[in-house]
Amino acid sequence: MKKTISLIAILTIALSAMAQTNFRHISFAEAQKAAKAEKKLIFVDFYTSWCGPCKMMARDVFPQQKVGEFMNERFVCVKYDAEKEELDLVKKTNVTAYPTFVIFDADGKEVNRKEGGASAEAFIADIDRLSDTELTPEKITARYAKGERSPRLVKVYAAMLTEEMYNSRREREAKKAQRDSVVNGYYGTLSDKEKLSKENFFLYSEYCERTADQKMQFLYANRDKVKKADKAEAETILKKAYTRELSASIMFTEPFNADAYKTFRQQLTALDFIDKAETQPLLGVLDAYATGDIEKYVDAVAENAGEKYNKLSFSIFYGTSTALKNAAKETKQRAAQLIRKTLPVMSGNEIAFIGSTLMDLEK
């Protein structure tokens with residue numbers, strides 16, 4: 001029995017390792033040899049030890065199974081600390097921003113590059129486009145103009161427009177409108193079956209800013225109709241969307257709408273794959289705020305955050321300055337005192353950010 005359990009554990013670890021992006025601990029010269037032997041391109045992650053987005057990619061994106069499957073099939077993947085390793089390559093490649101992801105052919109010639117972090121879906125779409133000679137900006141635009149609407153082309157075209165949007169200040173709104181037109185226009189041509197196909201999940205994971213978006217509402221309403229093999233990914237998309245919006249709501253990053261919140265709350269509660277322990281404290285605070293009774297809201301803040309500190313407390317505290325903007329001085333002071341009592345157990349980063357909230361409450 002013990003041997004069986006040990007074997008299962010070993011297999012689980014092995015499968016987990018295979019699922020994530022396989023960064024090989026080899027030199028660039030060795031990567032070239034491997035790429036020639038395996039008939040692949042080379043993917044280099046140039047990072048630094050102090051780079052926040054680099055750490056995010058290493059922690060949140062590269063370990064994902066879908067990223068690993070995509071990357072391992074196409075590339076010999078290596079990563080180098082640009083301040084310590086392969087310095088001649090860093091200089092030759094002229095890497096100055098981090099992270100910088102550079103794609104090379106097996107002879108060491110640069111094919112393309114991408115700077116900065118991204119979500120898993122956006123990263124895959126970008127690297128897919130940047131590593132394919134048939135997906136240059138000119139060819140993508142031409143194929144789209146001729147009427148091609150394959151999921152892959154729409155995915156990389158939308159990703160290209162998104163990148164152009166973020167790289168352009170003057171035309172950002174125009175690029176966003178163009179991108180949204182491409183995405184929503186394509187979505188409108190799909191049958192219900194196609195909308196629930198895994199190859200079209202990028203429409204939900206990347207292009208729904210709010211859960212009230214028509215596309216996300218369709219996925220929510222039809223989540224039980226998704227193929228069994230794709231169900232876990234669909235649930236992950238919904239979980240991320242609803243928990244992300246809940247976090248934004250508790251911090252009041254957008255104006256609070258009681259009617260919209262009621263619908264959102266009902267839907268979130270119905271998603272049985274979302275951890276209630278992580279959502280209930282936030283919902284308790286928002287429920288109180290939705291009543292319009294500010295004192296009741298502060299009571300809920302005291303009940304769900306504070307001296308018993310948990311990872312949700314910071315988000316709850318951060319939203320108090322906006323929620324209490326028009327409250328009486330005494331009410332603001334009460335909230336400030338709750339925060340100050342918790343400062344000793346907050347991290348340095350949390351204290352740095354919560355400082356502005358305290359200034360608003362105490363000024």
[X] (side chain) donor-acceptor with [Y] (main chain) under 3.5 angstrom:
X	Y	answer
Thr291	Asp293	yes
Thr189	Tyr186	yes
Ser197	Asn200	no
Asp105	Asp107	yes
Thr162	Ala158	yes
Arg223	Tyr220	yes
Thr100	Ala97	yes
Glu350	Ser347	yes
Arg143	Glu134	yes
Glu245	Thr211	yes

Is Lys215 positioned over the aromatic face of Tyr207, cation under 6.0 angstrom from the ring centre and no more than 45 degrees off axis?
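Geometry flag: not set, cation outside 6.0 Å or 45°.
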
Would you kindly check if the NZ (Lys) or CZ (Arg) of Lys79 is within the cone defined by 45 degrees around the ring axis of Tyr47 and under 6.0 Å from the six-membered ring centre?
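Yes, cation above the ring, under 6.0 Å and within 45°.
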
Counting C-beta onward and ignoring hydrogens, is there a side-chain heavy-atom pair between [X] and [Y] closer than 4.5 Å?
X	Y	result
Asp192	Asn222	no
Glu86	Ser27	yes
Lys91	Leu87	no
Ser191	Lys195	no
Ile42	Phe75	no
Val226	Phe201	yes
Arg113	Leu130	no
Leu203	Lys155	no

Can you hop from [X] to [Y] via hydrophobic side chains spaced under 4.5 Å?
X	Y	value
Ile274	Leu286	yes
Val183	Leu161	yes
Leu283	Leu271	yes
Phe43	Phe28	no
Val154	Leu190	yes

CA sep, side-chain torsions, deciding dist, call: Gln333, Gln337, side chain to side chain donor-acceptor pair (under 3.5 Å)
CA-CA 6 Å; Gln333 288 178 336; Gln337 288 171 359; 5.7 Å; no

Does a donor on one side chain sit under 3.5 Å from an acceptor on the other, for Gln267 and Gln217?
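There is such a pair (donor and acceptor under 3.5 Å, judged by atom type) between the side chains of Gln267 and Gln217.
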
Report yes or no: do Glu148 and Ser150 form a side-chain donor-acceptor pair below 3.5 Å?
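Yes, Ser150 and Glu148 have a side-chain donor paired with an acceptor closer than 3.5 Å.
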
Just checking [X]: does its [atom1] atom have more than 12 heavy atoms from other residues, nucleotides or ligands closer to it than 6.0 angstrom?
X	atom1	result
Lys231	NZ	yes
Asp275	CG	yes
Arg59	CZ	yes
Lys225	NZ	no
Lys262	NZ	no

Once disulfide bond (SG atoms under 2.5 Å apart) is applied, what residue pairs with a partner in residues 53-128 remain, sequence neighbours excluded?
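Every disulfide bond (SG atoms under 2.5 Å apart) pair that includes a residue of residues 53-128, provided the two are not neighbours, is Cys51-Cys54.
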
Output every pair passing ring pair (Phe, Tyr, Trp, His ring centres under 6.0 Å) with a member in residues 259-300, not counting sequence neighbours, ordered by first then second residue.
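Found Tyr242-Phe264, Phe252-Tyr289, Phe256-Tyr261, Phe256-Tyr289, Tyr289-Tyr297.
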
I need the full list of ring pair (Phe, Tyr, Trp, His ring centres under 6.0 Å) pairs touching residues 138-179, with sequence neighbours left out, sorted by first then second residue.
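Qualifying pairs, neighbours excluded: Tyr144-Tyr157.
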
Can you see which heavy atom on [X] is nearest to which on [Y], and at what distance?
X	Y	result
Ser321	Thr357	CB-CG2, 3.9 Å
Arg179	Glu209	NH2-OE2, 4.4 Å
Lys40	Ala106	O-CB, 4.4 Å
Met216	Ala241	CE-CB, 3.6 Å
Pro281	Asn304	CA-OD1, 3.4 Å
Ala120	Val67	CB-CG2, 3.7 Å

Decide yes or no on side chain to side chain contact (heavy atoms under 4.5 Å, CB included) for Asp45 and Val102, but give the supporting numbers first.
CA-CA 7 Å; Asp45 173 4; Val102 185; over 6 Å; no

Identified side chain to side chain contact (heavy atoms under 4.5 Å, CB included) counterpart of Leu361 within the set Thr320, Leu338, Thr331
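Result: among Thr320, Leu338, Thr331, Thr320 is the only option passing the side chain to side chain contact (heavy atoms under 4.5 Å, CB included) with Leu361.
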
List the steps and the verdict of salt bridge (charged side-chain N to carboxylate O under 4.0 Å, His left out) for Asp126 and Arg129.
CA-CA 5 Å; Asp126 284 339; Arg129 170 173 59 86; 3.3 Å; yes

Gap between atom CD of Glu164 and atom NZ of Lys175 - 0.5 Å precision
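Answer rounded to 0.5 Å: 4.0 Å.
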
Would you call Glu362 and Arg340 a salt bridge, using N to O less than 4.0 angstrom?
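Looking at Arg340 together with Glu362, the answer is yes, because their closest N to O distance falls below 4.0 Å.
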
Taking the six-membered ring for Trp and the full ring for Phe, Tyr or His, determine whether the centres of Phe70 and Phe123 are under 6.0 Å apart.
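No, they do not, as the ring centres are separated by 6.0 Å or more.
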
Are Phe62 and Phe23 close enough that their ring centres sit under 6.0 Å apart?
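Between Phe23 and Phe62, which both carry aromatic rings, the centre distance is below 6.0 Å.
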
Test log, rule side chain to side chain donor-acceptor pair (under 3.5 Å), inputs Thr93 and Glu110:
CA-CA 8 Å; Thr93 313; Glu110 181 175 335; 5.4 Å; no

Which class fits the ring pair Tyr187 and Tyr204: parallel under 30°, tilted 30 to 60°, perpendicular over 60°?
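Perpendicular, since the angle between the ring planes exceeds 60°.
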
Show the numbers, then the answer: is there a side chain to side chain donor-acceptor pair (under 3.5 Å) between Glu83 and Thr48?
CA-CA 7 Å; Glu83 295 179 332; Thr48 65; 5.3 Å; no

